[in-house]
Each structure stands twice: as structure tokens, then as C-alpha cells.
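Before any comments, here is the structure.
Only heavy atoms go into these numbers, but all of them, side chains included; no hydrogens, no water, no symmetry mates.
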Amino acid sequence: MNEHSSPAAPYNLCYEYLKFITNANVVVTPSLDLELVGRLEAQLDALIGECKKKSEDDEQRIKALMASLDKINEGKVVMRKRSKSHHSRHISWIASSPMALPLRFHSSPPVLARPVRFQRSRTVRPSKVVLVRAKGASGEAAVVWFKNDLRIDDHPGLIQAVEKHESVIPLYVFDPYILSDYSERMLELLLFALQDLKSALISQGSDLVLRLGACEDTLLKLVNEVKASHVFTEEEVEYNLLKVISTVESSLSNLNFARGKPEVAFWKAPLYDYKSLDELPTSYNNFLGKKLSKLTPVPAPTLPSLNAGLQTGSIPTIDEVKQFLIGNGSKSDCSWDSIKNVRAKNVLWSTKNTSMAPEVLRNKRNASSFFASEGSIDVRGGSDMTLGALAAYLRYLEGTGRDDWQELHDKLRRVETGNGTSFYTLFSSSLFLGTISRRRVFYEAIKYEKERNAGFISPFGYSAPTVTASVDAICSMEWYWLLALKSQTCNEGGYPIRIWRWNGHVIQYTAVGNDGPAILLVHGFGAFLQHYRDNIKEIADNGFRVWAITLLGFGKSEKPNVSYSEVMWAELLRDFIVDIINEPVHIVGNSLGGYISSIVAGVWPSLTKSLVLINTAGTVVPNYSFIPTSEEWRASFFSRLGARLLLLYLRSSAASILKSYYPTKRERVDTALVNEITRASYDPGAAMILESIFNFNLSIPLNFLLDSFGGSVLVIQGTKDPLVKSGVFLSMLREHCRHVLIKEFDAGHCVQDELPEEVNSILIEWAMENSEVNLAMKAV
């Protein structure tokens, strides 16, 4: 009997194919013959089928063959169907053709060689796609859940999914809970980014699956439909997103496939190479002292084609998204939701156009422009568009003849109010949506700096101010992201720290209490939410829900390089009340926080149930006839010099300065308070906050704001405040402000922390009485 017709022949033929596959080396070349691979796999399938039909005497040999195939499957190259634009690529095998292989028959299973390997082609452009070998691809599906990571470049989650799974489903969900605090401008930028992400995925033969609804319901349905074993999603710090992720995990736990329950796999793209958060200090100086190496961005992987039967969906219009959000109760067309469209400047310094009509970006898109419209200052689009804008930004000093670059340079000059402030203004939305990663920006900036200086980086600083602005901004953002991650693992002062993103910036806050009226505590200049350390829990325990916030630029909230003003902080508080608290509140503010709270109450009175001012900043102006205009501030040499001298003084004298504010209980100025204020002074961006002091004029009369509010106001005044003549100030309040109740204490500037028990008692009684008044008025 001929060898090829013997019973052993099919097995031995399979073994030869196995040896061929496992010993072959694959390289990516301009010609990639997928038909050859298809014929090879088809013949293997046929031979396996023939093997399965053999008698029970051959059972052990069949099992050995199947085990060998399983091991090969765990190490095979991911070679998938590509889009039509890629069908011309072929594969070159560094081995003989399988049709020409001499068949050597064996009587025992072969020893498996190493898994198939390939040589990764070097990336030329950041968005270049490279072939990724599937290390132990399970044959199962994975869902990559996009949130604020709308890119395929430098996306570790996407790479992990491709390496470990045969099928990868990219997904974005229009979840009303997540999108509820997006402005119309941000929704429009989101749609631009999603359109470009979808196009990038389609170019690879994949696609972006789009769904409208709650993430937990959408993911449960999709994971069950494709039998996904993993959902890959970026690690988050924002409290609302953490709640959504927790709900998704709980929802997926109800599924149970043959290989177990689906899991949520978290990924991150850190700039610094650190092992664990526990080893990272909260002091920026100590952090820099560790001299951690920086990680480089990773190129995009090649994606498998999407299941043909899976409905992907199309990008909705902005009107469709708005109607969907309104229909699901996350946005409404009532006055409460429209409050965020009312700018403080328009109310305070203009009698006309008091509403801030959202800029309509649609129908104004210029294909060659980095911006959605002529008036927009946010870079729009996906990764390629953002990278192009970044290249133009970095090369500002070189000049250009390109219209798109010239447009960006014109906007750069317009928004550069201080050294480097233009970077945040132009790119903060792109970084928030994740169309570009922080480490990609850092990498591109350093690469350009090296190009300018023949590969050399000076220890004395960068040669281009745009490089300095980009690198400083990215390192600062990464630092506050790490602080936010660390805050999730501990309760400071016995209450949980939560994170809110305002205009893309990290803001820390806490919320304590489950029932009762809402109270918002606002700290003063240089302080943080822990300045109410002995007020938060005590007030909450008496039947209130208490929020305390650390304003942008203070404590462990982010300190971006932006223009700070009392009006900017007031708009931050407005958005916090609308987006997070979502109901009118009793606002309590100390020092500058009191003045900012007065602006909120005066400009948006519907947000405020009552107002409590503790040694507030601001002045009373008798018979005011107009409000002095607030000019746009631009940094100067003298403001920068003054800020740095003031910073040095504060660091060296923090304890003595604080004790002067606590004249009756100096022991309240403990090590924890001094250390946190000193620690924050070393944070990146701290000097920028002090520069803003030279712009403060507090020109809006306090009595004008209280008159505009028209509600109940309680003034708590420490009469030994070294910053103000309390007697004169209270006399002016009594004479020129109506509906104001004044309580005096033998204390200094920070009465709520110097005499917490006395202040708590008054606040509880005040909030209870005014809550009952509000309820009675509603009943009428």
C-alpha cells in the first residue's frame, strides 16, 4: 500500500504541516498573500476532519494532534481579513512552499517548535499601524469600551485586546449619565472626534460600534451577543465614571459563559514608569527626586475585521444627541439647565445679551482647518488632526505659509495671556476627549526640541517657548492625575475624596450625608476643602447633605496654566451645583470663597437657597451707580517676579502667617494644616495662582451682589481678623445691605476652623430655618 494511502498518512501529513507552521518565520513585506494562508488553513481543517473519523484505536494519536493544534493556536500570528484597500498586501514565508515540502512520516507526535514570530516594521508616523502578534489568543471576543480615549494611537487597551483575543469590538456608548454635563460645544467636539475615530477603524477593516443608552445595559447586551470574555476600558478617576464602571461590572457578573464570567480589564497610559501608587509621594519635589523614567507612546495595532452581522450604527447629529439626552432626562430645555449658558461677565457688565448662546459649530467645518469654526479656539477632530495642530503649535517660531498653520498661530497669539497659557486653551478639549495621549504630546515636543538642537536637550531649558509650554502642561497634568488616583485609596479626614472634571481639569471634592437639605462649603485663597475638617461630618450628622470642594488652583486640585479670576471660580461653582449637586444649595464661603459665593448668588440666584459669608472678601460701596469693568489680565514681568518672591515668603513663613489668622486658638494651626499648605506651594502651577493676585480687584460691590440675590444672608465675622477692620466693615454692611443677619465672634480670619463647634451650631440652625422657609414658599 502506498505511503499516502496508509491509515497513518493523514496524521503524518498533519504533523508535517504542524512542523512547517511552527518553524516558519513571518515578516511583513510589501506583498502579503492571504490566499496562501487560507489554503494552508483549509487543508489543515480537512486533514483534522479526516483524523476525527478514524477508529478508536487511533484515539490517543488524535488527542495528541488536537493538543498540538491548541498550542499552536495560542501562538499564531494574527492574520485577518483586511479592508479592500489592503487586499494588495501579501505574506512572504521564510521557508519552502508547503506544496514542495518532503513528507517524512512519523509514528509519534512531533516536538512543537517556538510559536510563529514576525519582525515588527518600524513606525514612521505616530498613527502608523503595526502588526501585533497574538500572544496566546484565546479565540474569544473582547470589547474595547471607549470613553475619553478616542484614538487608536498609543492605546494600550486596544493592543492588549488584539494580542489576547481573536475578535475585537470597539464600542462607544452615548450614555445620558456620562454626557449630562457636556456643553453643546463639547458635544460637538465629541462628534468630530468620534467621526475621525470611526474612519480610522474602518480604514483597518474594523469599525466603531455606536450605541445610545445606559452603559451597563448596552455592554451587557453586546457582551452576551458576541460572547466576549473581556471588556477593556481605561482606568478612571472621575467619580461619575467610576460609578458607571462599577454598575457595568455588577451587570456583567450576571453573565456566565462556558469559560467563566466576562471580566473588565483596566488599562492606563502613564507618562512616568512607576510600579505602584503606594511608592509615589504627594510632594512634587520628592516626586521629581525619584527621577522616574518616562515611557514612550506605542503605535496603533492592526485590528481584526468586525463580525459582518454586527450592527455598528452611524454618527448622530448634534440635534439627535440633544434630543436623546432630553428624552432620557439628563438634559432639559428648562431654565435650570440653561443656567450654564449664562456668563457672569454678560450679567455683570452688560444689560444686553445676558445669555451665552452656545456657538454653533456644525455646517462650518473646514476640511483643512484645525478648528470647527472661525470663532472656535478648541482644536477639533481625531488623532491625526490633533497631531497636525500640535506640530503647527510647536513650530510657531518658524513661521509658515500654510493657511491652517497660520490660523492656529493667530489663535495662539490671541489666547496667550501668560507664558504658555495658549497650550491649555487650544488643546485641553483634545486631551480631555483623549484624541491624543499626554505621553504622545510629550514625545512629540521632545522630538521637535532635539530636531532644533541636533539631538541635544539643554539642562538650562528648552529653546522654544511652545516646547516649554507643552512639556510643562503635560507633566503638570500627569502629576495631578496621579494625585487623583492616590486619593481614591484613602479617606482624608474621615470622608471620601471624589474627582470631578471641569473643563477637563481635575477637581477634588467630598460629599457626606444621605438625606436632608444640600450645603456647599467653599474655602478661601490658599486653602482647600480640609479647611472645613471639623465642620463637614458634624453638619452632615445633623440631617444635611454636605459638599465641600477644593477650587481649581488650590490644594490637590489641578493648577493649570490659565488665567484665574473671581469670575472664573464663580462659574466653576455654578457648574458644580448644576452638574454634581443638581439642586439649589445653602452656600457657605470663607474669605475669597465668600466673595465667589456672593457672585454665584447674585448672578444665578436660582442656584442658592441662602448665603453664609465667613469673614468674606469684598467691599461695600455706598450708592454704587455702575460696576467697574474687569479688563482681561495678561501676565507681566513684575507679576511673575512678585509671585515668585511671595511664594518663597509663604513657604518659609506658613506657620506664623496661619497663627496670625487664629488669634484665640493658635493650637488649631497643626502640622497637618501647615504641611498641606506648604506641600501645595511646590505643586506645578502654584506660582501662576499667586500671579493672579495682582489681577484681583474685587471690583464688584458686595452690596450689589447681595441686593441682586435678594435672599437670606448670614454674615459670620471674626472681629480679630488681621486682614480687615471688622468694625468698619460690619458698620457698612448694616447700613447698606438689606436682609443680612450678622454674628460676631472673638476669633480671627478662619472662624469655621478656629471655633468649629460654635460655627456648626449656627450653620445647622440657619440652614434648617431657611430650608423650612423655602419649602413653605414652594407650597404657596
Mark yes or no for whether [X], through its side chain, and [Y], through its backbone, hold a donor-acceptor pair below 3.5 Å.
X: Y532; Y: V522; value: yes
X: K556; Y: Q508; value: no
X: S557; Y: G553; value: no
X: N590; Y: C750; value: no
X: W569; Y: L552; value: yes
X: S487; Y: A484; value: yes
X: Y272; Y: W479; value: no

Basic-acidic side-chain contact under 4.0 Å: [X], [Y]:
X: R185; Y: E188; value: no
X: D579; Y: K340; value: yes
X: K743; Y: E758; value: no
X: K221; Y: D217; value: no

To the nearest 0.5 Å, how far apart are [atom1] in [X] and [atom2] in [Y]?
X: L763; Y: L714; atom1: CG; atom2: CG; result: 7.0 Å
X: F232; Y: E263; atom1: CZ; atom2: CD; result: 9.5 Å
X: K486; Y: L482; atom1: NZ; atom2: CG; result: 9.0 Å
X: L658; Y: R668; atom1: CG; atom2: CZ; result: 12.5 Å
X: I580; Y: L520; atom1: CD1; atom2: CG; result: 11.5 Å
X: L220; Y: L252; atom1: CG; atom2: CG; result: 6.5 Å

Could you verify whether a donor N or O on one side chain and an acceptor N or O on the other, from [X] and [Y], lie under 3.5 Å apart?
X: K147; Y: T233; result: yes
X: S771; Y: H586; result: yes
X: S250; Y: E216; result: no
X: Y662; Y: D753; result: yes

C737 side chain near L702 side chain, heavy-atom distance below 4.5 Å |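 The answer is no, as the side chains (C-beta and beyond) never meet within the 4.5 Å cut-off.
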
Going through the distances and angles, do N328 and L212 end up as a side chain to side chain contact (heavy atoms under 4.5 Å, CB included)?
-> CA-CA 10 Å; N328 284 271; L212 283 78; over 6 Å; no

Could you give me the CA-CA distance, side-chain angles and deciding distance for S597 and V588, then say whether side chain to side chain contact (heavy atoms under 4.5 Å, CB included) is met?
-> CA-CA 7 Å; S597 300; V588 180; over 6 Å; no

Test salt bridge (charged side-chain N to carboxylate O under 4.0 Å, His left out) applied to R545 and E583, step by step = CA-CA 12 Å; R545 289 170 296 138; E583 65 178 270; 2.8 Å; yes

Y509 and W502: aromatic ring centres closer than 6.0 Å?
->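 No; W502 has its ring centre 6.0 Å or more from that of Y509.
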
Ring centroid separation for F324 and F174, is it under 6.0 angstrom?
->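 Here the rings of F174 and F324 have centres that are no less than 6.0 Å from each other.
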
Among F525, Y564, Y480, F528, which residue meets the ring pair (Phe, Tyr, Trp, His ring centres under 6.0 Å) test with F554?
->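 When F525, Y564, Y480, F528 are each tested with F554, the ring pair (Phe, Tyr, Trp, His ring centres under 6.0 Å) holds only for F525.
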
